[in-house]
*Asks:* 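Right, I'll just put the structure down here and ask away after.
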Amino acid sequence: MADETTVTDNETGPEQHSEELRFNYNGGDTSELAQHLTGRSLSARLPTLVRRSFSLAWAVDRRSTIALLACQVVSGLLEALGLFATTTALSALIQSAQDPAQLRAAVPSVAILGGAAGLRAVLGIAIQSLSHRLAPRISREAEYRMLEAATNAEMPPMTTPASTTATTRPTGESRSAAT
């Protein structure tokens, strides 16, 4: 067939890499790792992770953390109020199909729904602002704590013969001269 194309050794194709990215888990096979990553094990770790995140935020800026939590709680309450107003407004609108005079009964619910949505939008802006203010500071504090833990970690003594010769070798001597 004339439409078929063949690749010969003379043609250059895309560069191929022999390097392969792998996830190395010291516990064994990846199926063993998958057994450890269950919904139950992840949900068991969640309270600890939330507590650590909260303690980092609290250490960085208490006022912003309190303001962020307050905005989140008020936003959640306004969402619940909006859902309640929606059901009330919808039931009034459905009943007004039979009697148009009952259409006015939906006005307070629609007003509450609009007010709750407006306040939630304002709170959403405040939440975004506070989150953007806290996030870099929390990240910096976490990195600082990680570096502090790494620098304060105790190194095990070197007991192998190769490690003791590497530490006792004179500084001017090359590796090939030492062996």
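Scope of the values below: all heavy atoms of this structure, side chains included, with no hydrogens, waters or symmetry mates.
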*Asks:* Kindly determine whether F54 and L69 satisfy side chain to side chain contact (heavy atoms under 4.5 Å, CB included), including the steps that lead there.
*Replies:* CA-CA 10 Å; F54 181 75; L69 288 174; 3.3 Å; yes
*Asks:* Please name the pair of heavy atoms, one in D61 and one in T65, separated by the smallest distance, quoted to 0.1 Å.
*Replies:* O-OG1, 2.7 Å
*Asks:* Taking the side chain as everything from C-beta on, heavy atoms only, tell me whether L68 gets closer than 4.5 Å to R133.
*Replies:* no
*Asks:* When you compare the side chain of I66 with that of W58, does any pair of heavy atoms fall below 4.5 Å?
*Replies:*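 Of all side-chain heavy-atom pairs linking I66 with W58, at least one is under 4.5 Å.
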*Asks:* Rounded to the nearest 0.5 Å, what's the gap from CG on L78 to CD1 on I112? Could you check?
*Replies:*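 Going from CG on L78 over to CD1 on I112, the span is 11.5 Å.
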*Asks:* Taking the side chain from S64 and the backbone from L130, do they hold a donor-acceptor pair closer than 3.5 Å?
*Replies:* no
*Asks:* Under 3.5 Å, side chain of S96 to main-chain N/O of D99, donor-acceptor pair present?
*Replies:* no
*Asks:* Would you say T151's side chain and L147's backbone share a donor-acceptor pair under 3.5 angstrom?
*Replies:*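 Yes; judged by distance alone, with no hydrogens or angles, the pair exists.
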*Asks:* Grouping I, L, V, M, F, W and Y whenever their side-chain heavy atoms are under 4.5 Å apart, do L119 and L81 come out in a common cluster?
*Replies:* yes
*Asks:* Which atoms form the tightest heavy-atom contact between I127 and C71, and what is the distance?
*Replies:*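 For I127 and C71, the tightest heavy-atom pair comes out as CG1-CB, 3.6 Å.
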*Asks:* Shortest non-hydrogen contact from L113 to T86?
*Replies:* CD1-OG1, 3.3 Å
*Asks:* Can you tell me how far apart CG (L134) and OG (S53) are? Round to the nearest 0.5 Å.
*Replies:*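 Going from the CG atom of L134 to the OG atom of S53 covers 12.0 Å.
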*Asks:* For L123 and S75, work out which heavy atoms get closest and say how close.
*Replies:* CD1-N, 3.7 Å
*Asks:* For S109 and A105, which heavy atoms make the closest approach, and how far apart are they?
*Replies:* OG-O, 4.5 Å
*Asks:* Does the side chain of L56 come within less than 4.5 Å of R145's, by heavy atoms?
*Replies:*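 Yes - at least one pair of side-chain heavy atoms lies under 4.5 Å apart.
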*Asks:* So how far is it from E148 CD to M146 CE, rounded to the nearest 0.5 Å?
*Replies:* 12.0 Å
